[in-house]
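Computed over heavy atoms, backbone and side chain alike; hydrogens, waters and symmetry mates excluded. Given the structure is predicted, the values throughout are model-derived calculations rather than measurements. By convention in this document, chain letters (A, B, ...) are assigned in the order of the sequence lines, proteins followed by strands, and residues within each chain are numbered from 1.
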There are 2 protein chains.
Amino acid sequence: MSRPKRATIVDVARMAEVSAKTVSRVVNNEPHVTEAVKTRVREAMRALRYHPNVAAQGLVRSRSYLIGLVYEKPSPSYVVELQKGALERLHGERFRLVVLPVESVTEREDEIIALLRSAALDAVLLAPPASDHAGLMAELREAGMPFARISPTRLLGNGPSVAMDDVAAAQEAAEHIVSLGHKRIGVIKGDPSHAASDARLVGTMQALAKAGITLHPELIESGLFTFDSGLAAARRLLALDPPPTAILAQNDDMAAATVAAARECGLHVPEDLSVVGFDDSDISRVVWPPLTTIRQPVEDMAYRAMDMLLHVLKGEPEGGDIHLAHELLIRRSTAPPRAG
Amino acid sequence: MSRPKRATIVDVARMAEVSAKTVSRVVNNEPHVTEAVKTRVREAMRALRYHPNVAAQGLVRSRSYLIGLVYEKPSPSYVVELQKGALERLHGERFRLVVLPVESVTEREDEIIALLRSAALDAVLLAPPASDHAGLMAELREAGMPFARISPTRLLGNGPSVAMDDVAAAQEAAEHIVSLGHKRIGVIKGDPSHAASDARLVGTMQALAKAGITLHPELIESGLFTFDSGLAAARRLLALDPPPTAILAQNDDMAAATVAAARECGLHVPEDLSVVGFDDSDISRVVWPPLTTIRQPVEDMAYRAMDMLLHVLKGEPEGGDIHLAHELLIRRSTAPPRAG
DNA sequence: CCTCGTGGTGGGAACGTTTCCCTGATCCTA
DNA sequence: TAGGATCAGGGAAACGTTCCCACCACGAGG
């Protein structure tokens, strides 16, 4: 009653004096229709404000035209860029994006799989850490649901994925700090359930080892990629005696927290403490000083991953693992340590 | 082929030795089924990994179980909170959230309406500035698509909505600054296409007028609710002679930009310049010093709006306009002006 | 003149559910 | 023990589209 009856394909067919089948052909741009008939049908469609019923289409084509985006509560800025890239690619396509933030991929695997199974998605985009979860991928394969992965660090050659080289990037960041003359360097790791955290730590340690610097365990703190977790970790590092002269945080949110923690202690960045972030998310330019960071092209990665997914959905062969370049952005949060 | 045939309701019916109708009743928790039959059916469902086909359900019930969230590129932190609140309420419901960021509601109204018509949504949540767009609302009413509005400033009594009092909030912020002793006060307005920008300006002017302070036009700059636009606006204000001793920004992103601009000029916040934000988004705690701001409960608002929408979808009568309280959070970005 | 393809068109089944309308069986009460 | 009420369950139609197949006219080639 409140919902006025929408025009159906047969209404259009009746008005244009053709069969429903023919209308369907016009709607889907199929051949075998005279130009004259085509225009007649188009007019009827406009007159009746006809829009095809997606549910009915989906039923017969077994397509829902929905693509899911699975991610696990990482930093807000990361989520936004992820969505931006995915939506950008989806613009103009019939597919729509359903957001599926999950609590914990590892702990509630069954729940997530049930969600995906019942959500009638055509495909899913897996952001970290779901993109490294073997069980989830196996289930998706079995269910015949195409997926693409963003920033996987393991199990490559397992369907389309877009990633960057976390090890090399972290190495580059550490080399920058070393080249400035820092010797006592702290690290704030990301969420342990993200494989990227380990990869980045490996890169950092390689660079430090090459420079002959040993990284004492007390200088490695763990966070969860969130501002608050970073704040706590940074406070612990700055309470050491002597405190580090530089801190490498594994994402920008935690790097921003490190800057805040330094301020609390009356320290100036970068004069008293150099801080390096990771991601080049919005936050790295929002805080003062703007953060030296690794540009991780999250938006591009999401765009490319979505692109590969659409290819698969169009029946083309699956793509492989794509690699995108990172970049060290030197801004104002790093400087040589105070002399002495 | 790639997509293994999913079990249908008749497969389950055959296995459990009942009719399809009975299985349907079990699935939907309807009465008139013996406990014994129920368990038999449930077992068959599990064995066959049966999940109802959403498209088929949607077809016959004319429901898509999709709810759209329409917003227009505001600050990232706002978007994230919006989504968080909406998703929070959706947890455990059958409905899924489709994100629909749009370019410009006013400029491309037709496009948006076409999008909504063809997207087969059951309902939409309208965030600003779409929530103030009369044409859009009229179309939605005509199409029989329920909607709820977040932070509308006009056209109340027009269906469910959740808002806060922008005028009063801005007034309170200005009073705080006045009470600290500031006389020369700058304002950075938000996006002119958002009605909230005007409302907040009104509140600010009322407070200043009451204190006998006149706000010269040169002290009012306009931004777009983004960091970059705020940076430009703040630079213009700080280039005035004499510069303001306090700046009221209409959201946190622009307030953060103001802090950055001040730093560029070698000014210290809050000693040389007080800055007030608006929203209490993540960014207000991420920057240093943490911003004095107005807490706008965006997440709660989205939650409540979604709640009202679900009520409507369940056939209950439409709710009215709900008002949520704001709160002035005094943090470390405001202080009395320097003596002299 | 008859066949054979071919481009345009329509008829009818199918997709997987729910819902309307039944039929029996069981139960309670007078 | 009869009467109605309640309950468990089933058959068939409906939702709006696409797809397989058949049909028709028409021109070319034999």
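What separates CG of B:L59 from C1' of D:dT18 is a distance of 12 Å, to the nearest Å. What separates CZ of B:R14 from P of C:dG16 is a distance of 12 Å, to the nearest Å. At whole-Å resolution of the value, CG in B:N28 and C1' in C:dG16 are 13 Å apart. In this structure, the CZ atom of B:R40 is 14 Å from the P atom of D:dA8, given to the nearest Å.
In this structure, A:S19 reaches the C:dG10 phosphate: one of its side-chain N or O atoms is under 4.0 Å from OP1 or OP2. OP1 or OP2 of D:dG9 sits under 4.0 Å from a side-chain N or O of B:T34. At the phosphate of D:dG10, OP1 or OP2 sits under 4.0 Å from a side-chain N or O atom of B:T22.
Note on B:V27: nothing from the nucleic acid sits closer than 4.0 angstrom, heavy atoms only. Across all strands shown, B:V18 has heavy atoms under 4.0 Å from sugar-phosphate atoms exclusively, and none from any base.
The list of salt bridge (charged side-chain N to carboxylate O under 4.0 Å, His left out) pairs with a residue in residues 94-104 of chain A, not counting sequence neighbours, is empty.
Comparing B:V33 and A:V23 against DNA chain D, the residue whose closest nucleotide sits nearer the 5' end is B:V33.
When atom types are taken as modelled, the side chain of A:N28 and the backbone of A:E30 share no donor-acceptor pair closer than 3.5 angstrom. Although no hydrogens or angles enter the test, the distance criterion places no donor-acceptor pair under 3.5 Å between the side chain of A:R149 and the main chain of A:G159. One N or O on the side chain of A:S64 and one on the backbone of A:A120 form a donor-acceptor pair closer than 3.5 Å. Using a distance-only test at 3.5 Å, with no hydrogens or angles considered, a donor-acceptor pair links the side chain of B:T8 to the main chain of B:V10.
Not counting sequence neighbours, the partners of A:Y65 by the ring pair (Phe, Tyr, Trp, His ring centres under 6.0 Å) test are A:F95.
The two residues A:A16 and A:R40 make their nearest non-hydrogen contact at O-NE, 2.9 Å.
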Taking only distance into account, with no hydrogens and no angle test, what donor-acceptor pairs under 3.5 Å do side-chain atoms of residues 301-308 of chain B form with protein atoms, sequence neighbours excluded?
{"unit_1": "B:D307", "atom_1": "OD1", "unit_2": "B:R89", "atom_2": "NE", "d": "2.6"}
{"unit_1": "B:D307", "atom_1": "OD1", "unit_2": "B:R89", "atom_2": "NH2", "d": "3.1"}

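Distance CD1/B:I150 to OG/B:S131: 7.5 Å, rounded to 0.5 Å. The CG atom of B:L310 sits 6.0 Å away from atom CG of B:L90, with the distance rounded to the nearest 0.5 Å. Between the CG atom of A:D300 and the CD atom of A:E88 there is a distance of 10.0 Å, given to the nearest 0.5 Å.
Near DNA chain C, meaning a heavy atom under 4.0 Å away, there are no residues from residues 47-58 of chain A.
The overall bend of the helix from C:dC1-D:dG30 to C:dA30-D:dT1, read as the angle between its terminal helix axes built from five base pairs each, is 40° when rounded to 10 degrees.
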N/O to N/O distances under 3.5 Å, protein versus nucleotides 19-22 of chain C:
none

